[in-house]
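Order of the sequence lines fixes the chain letters, A, B, ..., with proteins taken first and strands second; residue numbering starts at 1 for each chain. Basis for what follows: all heavy atoms, side chains included, without hydrogens, waters or symmetry-related copies. Keep in mind the model is a prediction, meaning the values are calculated, not measured.
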Amino acid sequence: MGEKILMKGNEAIAEAAIKAGCRYFFGYPITPQNALPEYMSRRLPEVGGVFLQAESEVAASNMVYGAAGAGARVLTSSSSPGISLKMEGISYIAGAELPAVIVNMMRGGPGLGGIQPSQSDYFQATKGGGHGDYRLVVLAPSSVQEAVDLTMEAFEIADRYRNPVMIVGDGIIGQMMEPVEFKKEIDPADLPKKDWATDGAKGREKNVINSLFLDPRELEKHNLKLKAKYDKMKEKEVRYETYKMDDAELVIVAYGTTARIALSAIELAREKGIKVGLIRPISLFPFPEKIIAEAAGKVNSFLVVEMSAGQMVEDVRLAVNGKKEVYFYGRTGGMVPSPEEIVEEIVKIGGAIK
Amino acid sequence: MKLVAGYPDSLTEKPFHYCPGCTHGIIHRLVAEVIDELGIREETIGVAPVGCSVLAYEYFDVDMFEASHGRAPAVATGVKRVHPDKIVFTYQGDGDLASIGTAEIIHAANRGEKITTIFVNNAIYGMTGGQMAPTTLVGQKTTTSPFGRDTNTAGHPIKISEMLSVLDGSAYIARVSVHDPKHIRQAKKAIKKAFQVQIEGKGFALVEVLSACPTNWGMAPVEAVKWLADNMVPTYPLGEFKEVE
Ligand SMILES: Cc1ncc(C[n+]2csc(CCOP(=O)(O)OP(=O)(O)O)c2C)c(N)n1
Ligand code: SF4
C-alpha cells in the first residue's frame with residue numbers, strides 16, 4: 001500500500017473492490033469490461049472469495065441480490081446490453097434495500113450497438129432503468145485513480161444507505177493504464193455485522209429480504225422511506241470538481257472521459273482568449289445541481305459535452321433553470337469528441353461570450 | 001406421551017392464504033417438518049418465488065428471501081456461496097421454475113449448486129388466474145388454452161425432473177405427489193432426502209411435487225386430487241430419477 005502501480009482501469013476497479021472488502025463477484029462476459037471479471041477470477045480465490053460466471057446477466061444480478069441479502073459486500077460488472085438485463089435484479093436490490101456495487105463500462109447503443117466508448121446510458125443509470133420509484137447512487141470517474149477511490153467509496157455508500165451504487169465508465173477508462181495507489185485495505189472480518197442479513201435465524205427472530213408490499217398503504221410508506229433516503233443522498237453525497245471557474249465566461253459541463261477531453265479544450269480555448277471553465281459532475285445521482293445553479297448567476301453560457309445524443313444536458317438545463325443558454329455538443333456510437341471539435345463549438349457559440 | 005402431530009416449529013402461526021383444497025399448504029408443512037426433524041431451523045435460509053406461494057416468506061419461520069419470478073435458484077446461489085455452511089432451499093411453482101426460470105434452474109443444477117429445490121407442479125399458473133403453464137397437460141383447458149393445449153402450437157408438457165436428472169451436477173432428483181396420505185408420506189421422505197443430500201454436500205437436489213389447483217382447474221378439492229392422480233401422474237411418472245451415493 002502507498003506505492004504506485006501501473007494498472008488498467010478494469011483491473012484497478014476489481015482490485016479496489018477487493019481492497020474494500022468485497023469477496024463475491026457474479027457476472028457474465030461482455031466487451032469492453034472483460035478484464036474486470038477475468039481479474040476477479042484469478043484474484044478472488046487467493047483471498048478466500050468467490051468468482052462465479054453466471055448463465056446470464058439476469059441470473060448474475062439475482063445472485064448479487066442473494067449475496068447482498070446474505071450480508072456480503074458484492075460486486076458485479078457489465079456493459080450496456082448486459083446492464084439492461086441486470087435491471088431486474090437492480091430494481092429488486094433497491095426495493096429490498098440491499099447494498100451492492102455495479103460497474104457499467106458503457107458502450108454505444110441502442111440494441112447491440114457497438115463496443116466503443118459511450119455515455120449513452122446516463123438516463124438508464126440516473127433515472128431508473130429498472131421499474132419502480134428508485135435511485136442508484138451513480139459515480140463517474142475520469143481517471144483510473146479516481147475509479148479506484150470511487151469504487152472503495154461505493155461500498156461504503158452502499159452499506160451506509162443500504163442501496164445499490166453504480167460506477168459508470170467507458171471503454172477508455174476501462175482499458176487505459178495509469179499509475180494507481182490503493183489508500184487502504186479492509187478485511188471483511190472487520191466490517192460491522194449487518195443485523196438485517198439472512199444467515200440463519202439463530203437465537204433471533206427471522207430476517208426477511210423482500211420488496212413485496214401488497215397493501216398499497218404499506219408500499220407507499222416504503223416508497224416514502226426510500227425517497228427520504230434519496231433526499232438524504234442529495235444532501236450528503238453530491239460530488240463534483242470545478243476547474244478555472246473563477247474567471248470563466250463559458251462553462252463546460254462534462255463527466256468521465258469527456259471531462260478529461262474538455263480539459264484540453266479549455267486550454268486551447270484560453271489560448272484563443274476565450275475564458276472557459278469546467279464543472280465535472282462526479283456523482284451523476286445525486287446531481288450537482290447547486291454548483292451549476294450558482295454558476296448560472298456568474299457565467300454567460302453553458303456547453304454540455306457528452307458521448308451521447310444529449311442526456312445529462314437535461315439535468316443541466318433543469319439546474320440552470322432558464323437563466324442562461326445551455327448548448328450541447330455530443331458524439332455518439334463510440335465516436336469520441338476531440339478537444340479541437342469542442343473548441344470549434346465554443347467558437348461557434350462565441351456570440352454568447354462577450 | 002409422545003406427540004405425533006404437533007405444529008412444526010419451522011412454520012409461523014400466520015394462517016395460509018391458499019384456496020380450500022390447495023395442496024401448497026400440505027407441501028409447506030412437509031418442508032417445515034423436515035427442517036424440524038433435521039434440526040436445521042436456525043441454519044436454514046429459504047427463497048420464496050413469484051406465484052401463489054409468494055408469501056412463503058411469511059409462513060416459514062426461517063430466514064427468507066422473496067425472489068423475482070423464476071430467479072430463486074440464482075438468489076439461492078448467491079446466498080449459498082456466501083454461507084456455504086448453511087442450508088439453502090428454494091420453493092417454486094411451475095411457471096416460475098419451468099418457464100421464466102428455466103435457465104436459472106438448469107444452471108444451478110449443472111453447477112451442482114448445493115441447494116434444495118421444492119418444485120410445485122400444478123400444471124397451471126395459479127396466481128395470475130389459470131393461464132397455461134409449460135407443464136399444462138395435452139388437451140387441458142386453461143384461460144390461455146381455451147380449446148385445450150394443442151401440442152402443434154403450444155408444445156408439450158415439460159418434464160423437469162427427467163431433464164435435470166441427466167445433468168452431472170444433480171445429486172438427487174425425485175418426483176412425488178400429494179394426492180393421498182400414502183403419497184404424502186412418500187413425498188416427505190423425498191423432501192427429507194433432498195435436504196440430507198445438501199447437508200452431506202453432495203450437490204443439487206430437487207423434488208418435484210405434483211400439486212392440485214382446484215380453483216383454476218375449476219374443480220372441487222376431492223375431484224381435484226382425483227384428477228391429479230388420474231391425469232397428472234400418467235404424464236409425470238413418480239419416482240427417484242437420480243440419486244448419487
Ligand atoms: C417478471 C414477471 N412476469 C410475470 C409476473 C406475473 N406472475 C405472477 S405469478 C405468475 C405465475 C405463477 O405460476 P406458478 O409458478 O405456476 O405458481 P402457482 O401460482 O401456480 O403456484 C406470473 C406469470 C411477475 N410477477 N413477474
Ligand atoms: S389458485 Fe390454485 S395454486 Fe393458487 S392458492 Fe388457489 S388452489 Fe392453490
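Per-residue counts of heavy-atom pairs under 4.5 Å with chain A were compared for Arg41(B), Lys86(B), His107(B), Glu58(B); the largest is that of His107(B). Per-residue counts of heavy-atom pairs under 4.5 Å with chain B were compared for Gly69(A), Ala96(A), Ala72(A); the largest is that of Gly69(A). Ranked by heavy-atom pairs shorter than 4.5 Å toward chain B, the options Val74(A), Leu52(A), Leu214(A) are led by Leu52(A). When each of Glu43(B), Arg71(B), His69(B) is scored by its heavy-atom pairs under 4.5 Å with chain A, the top score falls to Arg71(B).
Counting non-hydrogen atoms of other residues, nucleotides and ligands closer than 6.0 Å to NZ of Lys229(A) gives a total above 12. Counting non-hydrogen atoms of other residues, nucleotides and ligands closer than 6.0 Å to NZ of Lys221(A) gives a total of 12 or fewer. The environment of OH in Tyr161(A) is crowded: more than 12 heavy-atom neighbours from other residues, nucleotides or ligands sit within 6.0 Å. Residue Arg204(A) qualifies as enclosed at atom CZ: its count of foreign heavy atoms under 6.0 Å is above 12. Residue Glu200(B) qualifies as enclosed at atom CD: its count of foreign heavy atoms under 6.0 Å is above 12.
Side chains of Asn210(A) and Phe65(B) form no contact here, defined as non-hydrogen atoms less than 4.5 Å apart. Side-chain contact between Ile209(A) and Glu66(B): absent, with no pair of heavy atoms (C-beta onward) separated by less than 4.5 Å.
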Output, in order, the C-alpha distance, side-chain angles, deciding distance and verdict of side chain to side chain contact (heavy atoms under 4.5 Å, CB included) for Tyr57(B) and Leu212(A). CA-CA 11 Å; Tyr57(B) 65 83; Leu212(A) 177 70; 3.6 Å; yes
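For Ile87(B), no part sits under 4.5 Å from any heavy atom of chain A, backbone or side chain. Both the backbone and the side chain of Val208(A) come within contact range of chain B, each with at least one heavy atom under 4.5 Å from a heavy atom of that chain. Both the backbone and the side chain of Tyr65(A) come within less than 4.5 Å of a heavy atom of chain B. Contacts between Ala68(A) and chain B at a heavy-atom distance below 4.5 Å are absent for every atom of the residue.
Taking both residues in full, the closest heavy atoms of Val79(B) and Gly66(A) are given as CG2-O, 3.6 Å, listed atom of the first, atom of the second, then distance. When all heavy atoms of Ala74(B) and Ala59(A) are compared, the pair lying nearest together is CB-O, 3.6 Å. Here the shortest heavy-atom pairing between Glu88(A) and Ser68(B) reads OE1-OG, 2.9 Å.
With Lys206(A) as reference, Asp61(B) is the one residue of Thr44(B), Val62(B), Ile45(B), Asp61(B) to meet the side chain to side chain contact (heavy atoms under 4.5 Å, CB included) rule.
Side chain of Asp63(B) to main chain of Asn207(A): a donor-acceptor pair is present (N/O by atom type, distance under 3.5 Å, no hydrogens or angles). Of the possible polar contacts, one joining the His83(B) side chain to the Ala70(A) backbone as a donor-acceptor pair under 3.5 Å is found. Remark: the backbone N or O of Gly203(A) is paired with a side-chain donor or acceptor of Glu42(B) at under 3.5 angstrom.
Between Glu55(A) and Arg111(B) there is a salt bridge, since at least one side-chain N of the basic residue sits less than 4.0 Å from a carboxylate O of the acidic one.
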